[in-house]
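I have placed the structure first, in the form of structure tokens, so that the comments after it can refer back to it.
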Amino acid sequence: AEMPGVDEESVDITYERGILELRGTAHRDTFEDFTVVRSEAPLGNYKRTFKLVEEVDVDNIEASIKCGVLKLVLPIHEKAKPRKISVRSE
């Protein structure tokens with residue numbers, strides 16, 4: 001998810017009853033030497049929710065943020081991964 005102006009201290013990720021929720025607060029650094037005339041990145045609070053499928057291994061979800069881009073890794077349970085079923089002759 002793109003979250004410009006949000007750092008790791010400003011992000012909150014929760015999971016409850018199949019819903020993954022992202023919350024964050026975007027802020028702009030202030031500078032004494034100039035005034036911002038136009039900004040393409042919105043400021044304020046972010047909130048996004050996602051319904052996860054049951055196959056996601058919620059205990060092993062990983063999150064990282066770099067340059068305003070939040071990366072989530074949602075691993076699949078081993079038992080939900082495709083597997084080959086062998087056929088035997090009778």
Side-chain angles (χ1 to χ4, degrees):
E2 291 184 17
M3 301 179 87
V6 178
D7 56 19
E8 66 184 69
E9 291 85 25
S10 301
V11 176
D12 185 35
I13 303 170
T14 57
Y15 174 81
E16 184 177 353
R17 297 184 208 157
I19 303 295
L20 182 75
E21 183 176 90
L22 310 176
R23 290 179 179 258
T25 302
H27 51 84
R28 180 182 301 129
D29 293 331
T30 57
F31 301 97
E32 295 178 15
D33 297 344
F34 66 91
T35 303
V36 175
V37 176
R38 177 166 168 77
S39 176
E40 304 259 341
L43 298 177
N45 296 326
Y46 286 84
K47 179 182 174 187
R48 301 217 29 213
T49 57
F50 302 92
K51 185 172 180 2
L52 299 182
V53 294
E54 293 178 10
E55 291 84 10
V56 173
D57 183 359
V58 295
D59 294 326
N60 291 308
I61 294 174
E62 296 177 10
S64 61
I65 193 164
K66 181 178 180 182
C67 298
V69 177
L70 178 66
K71 177 182 175 183
L72 292 170
V73 177
L74 306 171
I76 302 296
H77 275 292
E78 285 297 320
K79 64 183 178 183
K81 290 183 178 177
R83 58 186 178 274
K84 184 170 175 72
I85 299 172
S86 60
V87 178
R88 60 185 174 104
S89 65
E90 295 183 15

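Note that these values count all heavy atoms, side chains included, but never hydrogens, waters or copies made by symmetry.
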Which residues share a side-chain contact (heavy atoms from CB on, under 4.5 Å) with Val53, sequence neighbours left out: Glu55, Val56
side-chain contact (heavy atoms from CB on, under 4.5 Å) against Ser64, all qualifying residues, sequence neighbours excluded: Lys71
Passing candidate, side-chain contact (heavy atoms from CB on, under 4.5 Å) with Phe50, options Leu72, Leu22, Ile19: Leu22
With Lys47 via side-chain contact (heavy atoms from CB on, under 4.5 Å) - residues at least two apart: Glu21, Arg23, Thr49
Linked, directly or transitively: Leu52 and Val11 (ILVMFWY side chains, under 4.5 Å): yes
Verdict with supporting geometry, Ile61 and Ile13, side-chain contact (heavy atoms from CB on, under 4.5 Å): CA-CA 10 Å; Ile61 294 174; Ile13 303 170; 5.9 Å; no
